Every structure is written in C-alpha cells, then in structure tokens.
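Down below is the structure, laid out as structure tokens.
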Amino acid sequence: MRDLVRSLLAEPRVPRPPARSRWDWLLAAALSVLTVVGALFSDHSDEWRALTIALTVWLPFAVLWRRSHPLIAFAVFFGVLGPANVVSQVVADEAVGFEASFFTGMILTYALLRWASGREAAIGVFIIVVTFTLTDALDPTVSAIESAIGTLVFLFAGALGAVMRFRSNAGLREIEQARLREREQLARELHDTVAHHVSAIAIQAQAGRTLAASQPEAAAAALAVIEEAASRTLAEMRKMVTALRFDAEPESAPLRSLADVSRLACPAAGGPAVEVELSGDLDDLSPSVEASLYRIAQESITNSRRHARHATRVSVQVEGDDDNIRLTVTDDGDPTARETGSSGFGLVGMTERVSLLGGQLEIGPGPHRGWVVDAVLPRGSAAP
C-alpha cells in the first residue's frame with residue numbers, strides 16, 4: 001500500500017496538454033452567466049446576493065488555466081469560495097453561493113485529477129475535504145448525509161478525471177510498445193543483414209589480398225563479389241534508415257522465404273563452404289516462420305565464418321513435418337574458441353525470433369567438432 005501511495009504521489013504532470021481554445025472561453029463565459037443567474041434566483045438577502053455575484057462572477061474563468069495550471073486554478077476557486085462561505089456562515093448564517101459555482105468546481109476537480117501531478121492532486125483532494133467539512137459544520141441546515149454526498153460528488157468528478165488519464169496513458173503505452181517492437185524488429189533485420197554482408201566482404205577481401213600477386217583473375221573475381229555484397233548492404237541499410245525516420249511511414253524489409261535460405265549456399269571462397277539441404281513437408285508455411293528461418297540461418301552462417309577456426313564446411317538443414325520445422329546449422333570448426341567468442345546482438349536476435357514464434361532454440365558445441373544451432377519452430381505460428 002505504501003508503494004502504491006508513493007507511486008501515485010510521484011506521478012508527473014501530463015505532458016503537452018491541449019492548448020486553450022475559443023471553446024474554453026465560451027465555457028468560462030457560460031459558467032459565469034450560469035453563476036450569476038443562480039445567485040439572482042437564490043434565497044439570500046440582497047446584500048449577500050450582491051456579494052455572491054461579486055465573488056463568483058469571475059471565478060469560472062479559472063477554467064481557462066485548468067489544463068496548464070490545474071492546481072492554481074483549483075486553489076483560486078476553492079481559496080475564494082471556501083473562506084467566503086466560512087466567514088458568511090459565522091457573520092450572517094448564510095452561505096455565499098457554493099451552489100452557484102457548482103459546475104465550475106466539478107470541472108476544476110475533474111481537470112485536477114486529469115492533468116495535474118500526483119502531489120498536486122493529493123493537495124486538491126485535501127482542499128476539497130477540508131472546505132466541505134468546515135462549511136457544512138458551520139451550517140446547521142446541512143445534514144451529515146448531505147455533506148457526505150456533496151463531497152463524494154466532487155470526488156467522483158476527480159475520479160472520472162483519473163480514469164480518463166489512465167485510459168489516455170494506457171493508449172500511449174500501447175503505442176509506445178508497438179513502436180518499440182517495430183524498432184526491435186528493424187534492429188534485428190539491420191544487424192542480420194549488415195553482419196552477414198560485411199562478413200562476406202571481409203572474407204572476400206582477405207582472399208583477394210592473398211591472391212592478388214599470384215592469381216590476379218581470382219582477386220578481380222573477389223572484388224566483384226565485394227562490390228555486389230556492398231551494393232546489397234547499402235540498399236538494405238537505406239530501407240532500414242528510411243523505416244527508422246520519424247517523418248516517414250515505416251517500411252519494413254521484405255520478408256524472406258525458404259527460397260532465400262537455399263541461396264545462402266555457396267562454395268568455399270576464402271571461407272568455409274555453405275551447403276543447404278531442404279527436406280520434408282515445407283509447404284504452406286507462414287511468412288513469419290520462413291523469414292525467421294532465413295534470418296537464423298543467415299546469422300548462424302555469419303557466426304561460423306567469423307568465429308569457427310579451421311572450419312571448411314557449414315551445413316544448413318531445414319526439415320519439416322506435420323507440426324514443426326527444424327533448422328540445424330553446423331560447422332566443422334574448432335569449438336573451443338566459440339564459447340566466449342560469439343556474443344552480441346546476433347544471439348539475442350535469434351533468441352527473440354524463436355521466442356516470438358513459440359519455438360525452441362539450442363546453441364552449443366557439437367558432439368564431435370564444430371558448433372550447432374538447432375531451432376524448432378511451430379509450422380503455423382505467426383509473430384504477434
């Protein structure tokens with residue numbers, strides 16, 4: 001309970017409340033007219049009726065600051081009417097027109113809980129309780145039930161403001177979470193794409209440098225591969241950067257398919273050869289499953305090229321049955337250097353993809369040599 005109270009008191013003001021408009025001026029004018037009419041038709045004496053109008057005709061204009069300065073507007077309203085009512089009760093046994101400003105008080109109470117900070121709201125609630133308690137205690141014509149009802153009506157207005165505030169905050173949180181999920185997805189795509197292509201560029205550059213003196217034609221071929229990989233990387237990075245711009249509509253990278261997994265196969269060229277084998281029932285897979293299979297395979301191949309010492313071959317096997325799709329990526333490198341060498345966002349991204357699809361992922365050294373990435377995905381799953 002103490003933690004709940006602390007969290008409520010620590011609640012900040014609502015940022016960027018709506019600006020004042022002409023409708024706020026019309027509302028203030030209407031409330032002022034209503035206040036004067038209510039005072040004119042009250043059963044006060046002429047002297048106190050005039051005092052009521054003088055005190056309350058301008059108070060409705062406090063609603064103009066109900067969003068930008070909610071506590072000040074609220075305190076001005078109750079700070080004038082509260083003492084005035086207490087003094088009038090003591091001096092002449094008459095209340096100075098609380099009923100004439102009833103709707104103004106309701107609106108300001110609603111605004112206090114809707115826009116103010118937690119501490120300001122607590123101060124406002126305290127002011128309401130003290131004001132009604134003192135005023136009704138000095139008025140013998142008001143019963144305890146009537147006093148409690150009056151207080152509860154104002155607190156209800158405040159509770160309504162708090163509910164609207166909660167709904168607004170919940171909507172903003174949902175939007176922010178959606179944006180965060182989208183940005184995390186884009187970050188995974190960016191990492192997977194750039195890491196894979198840059199690794200290929202680095203391997204080809206090393207091979208070209210080695211062959212430049214003895215085999216100029218092979219070095220030129222490596223340069224051509226580097227150029228193609230760099231062009232693809234640049235194109236995909238432009239798509240990602242465009243999607244991350246705040247003033248542009250998100251445009252996620254195109255979803256990959258099993259056909260793209262097959263294209264990951266390549267002969268040894270300055271690095272381990274990549275072999276891809278597809279088997280079993282691989283028809284009618286959801287797009288999210290196919291895209292995840294491709295990205296996990298791509299990241300696993302990239303890790304093998306980066307970290308698998310003395311590796312000559314990387315095997316990618318995709319096998320489907322009635323319920324699941326299994327992706328297994330193995331290499332024949334030295335596993336001892338991989339336990340601390342492969343860390344970063346790649347493994348995090350693979351884990352997130354598998355988790356979102358309700359699958360299982362195991363990564364570790366193979367039974368004999370190399371490293372094994374084993375992912376099992378439900379064939380019909382779709383990312384939320």
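Just so you know, these numbers come straight off a predicted model, no measurement behind them. Just the heavy atoms: all of them, side chains too, but no hydrogens, waters or symmetry mates, feed the values below.
- The line from CG of Leu293 to CG of Asp260 is 11.5 Å long, rounded to the nearest 0.5 Å.
- Panel note: side chain Thr302, backbone Gln298; a donor-acceptor pair is recorded below 3.5 Å.
- Apart from Trp65 itself, the hydrophobic cluster it occupies contains Trp25, Phe61, Leu64, where clustering links Ile, Leu, Val, Met, Phe, Trp and Tyr at side-chain heavy-atom distances under 4.5 Å.
- Ser355 places no side-chain N or O within donor-acceptor distance of the main-chain N or O of Thr351, the cut-off being under 3.5 Å.
- Atom CD1 of Ile123 is separated from atom CZ of Phe74 by 10.5 Å, given to the nearest 0.5 angstrom.
- Between the CG atom of Asp281 and the CD1 atom of Ile325 there is a distance of 7.0 Å, given to the nearest 0.5 Å.
- In this structure, the side chain of Ser304 engages the main chain of Ser300 through a donor-acceptor pair within 3.5 Å.
- A pairwise comparison of heavy atoms in Trp115 and Pro17 identifies CE3-CB, 3.8 Å as the closest pair.
- With values rounded to the nearest 0.5 angstrom, Leu327 atom CG is found 11.5 Å from Glu319 atom CD.
- The shortest distance between side-chain heavy atoms of Val33 and Val37 falls below 4.5 Å.
- Between Met350 and Ile363, some side-chain heavy-atom pair lies under the 4.5 Å cut-off.
- For Ser292 against Leu357, the heavy-atom pair with the smallest separation is OG-CD1, 3.2 Å.
- Considering only heavy atoms from C-beta on, Val63 stays 4.5 Å or farther from Phe77 through its side chain.
- Residues Arg165 and Leu113 are not in side-chain contact: their nearest non-hydrogen atoms beyond the backbone lie 4.5 Å or more apart.
- Atom CD of Glu275 is surrounded by more than 12 heavy atoms from other residues, nucleotides or ligands within 6.0 Å.
- For Gln317 against Ser315, the heavy-atom pair with the smallest separation is CG-OG, 3.8 Å.
- When all heavy atoms of Leu278 and Ser262 are compared, the pair lying nearest together is CD1-OG, 3.2 Å.
- Leu377 and Leu285 end up in the same hydrophobic cluster when Ile, Leu, Val, Met, Phe, Trp and Tyr side chains are linked at under 4.5 Å.
- Screening residues 115-131 for salt bridge (Lys or Arg N to Asp or Glu O under 4.0 Å) gives Arg13-Glu120 as the qualifying pairs, with residues at least two apart or on separate chains.
- Criterion: ILVMFWY side-chain heavy atoms under 4.5 Å apart, direct or through other members. Under it, Phe78 and Trp58 are part of a common hydrophobic cluster.
- Val276 and Val376 sit in two unconnected hydrophobic clusters of ILVMFWY residues. Membership requires side-chain heavy atoms under 4.5 Å apart, directly or through other members.
- Nearest approach of Ala375 to Ile296, heavy atoms of both residues: CB-CD1, 4.4 Å.
- Residues His69 and Val76 form no side-chain contact, since every pair of their non-hydrogen atoms from C-beta on lies 4.5 Å or further apart.
- Pairing each heavy atom of Ala311 with each of Pro272, the nearest pair is O-CB, 3.7 Å.
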Q. Glu299 and Val373: side-chain contact (heavy atoms from CB on, under 4.5 Å), yes or no, with the steps?
A. CA-CA 10 Å; Glu299 176 63 22; Val373 176; over 6 Å; no
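- In this structure, Arg20 CZ and Arg66 CZ are separated by 9.5 Å, a value rounded to the nearest 0.5 Å.
- Counting only heavy atoms from C-beta outward, the side chains of Phe156 and Thr109 never approach each other to under 4.5 Å.
- Taken together through direct or relayed side-chain contacts under 4.5 Å among Ile, Leu, Val, Met, Phe, Trp and Tyr, Val57 and Met106 form part of one hydrophobic cluster.
- A distance-only check finds a donor-acceptor pair linking the side chain of Arg379 to the backbone of Asp321 [under 3.5 Å].
- At least one side-chain heavy atom of Val274 sits under 4.5 Å from a side-chain heavy atom of Arg305.
- A distance of 11.0 Å separates OG in Ser32 from CG in Leu27, rounded to the nearest 0.5 Å.
- Under a hydrophobic-cluster definition in which Ile, Leu, Val, Met, Phe, Trp and Tyr are linked whenever side-chain heavy atoms come within less than 4.5 Å, directly or via other members, Leu282 and Val329 are assigned to the same cluster.
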Q: Begin from the C-alpha positions of Ile301 and Leu264 and carry the test side-chain contact (heavy atoms from CB on, under 4.5 Å) through to its verdict.
A: CA-CA 9 Å; Ile301 293 171; Leu264 292 173; 3.9 Å; yes
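- With sequence neighbours excluded, no residue forms a side chain to side chain donor-acceptor pair (under 3.5 Å) with Arg114.
- Using a 4.5 Å cut-off between side-chain heavy atoms of Ile, Leu, Val, Met, Phe, Trp and Tyr, Leu26 falls into a hydrophobic cluster with Trp23.
- The side chain to side chain donor-acceptor pair (under 3.5 Å) search around Asp374 returns Arg326, Thr328, not counting sequence neighbours.
- Asp332 pairs by the side chain to side chain donor-acceptor pair (under 3.5 Å) definition with Thr312, not counting sequence neighbours.
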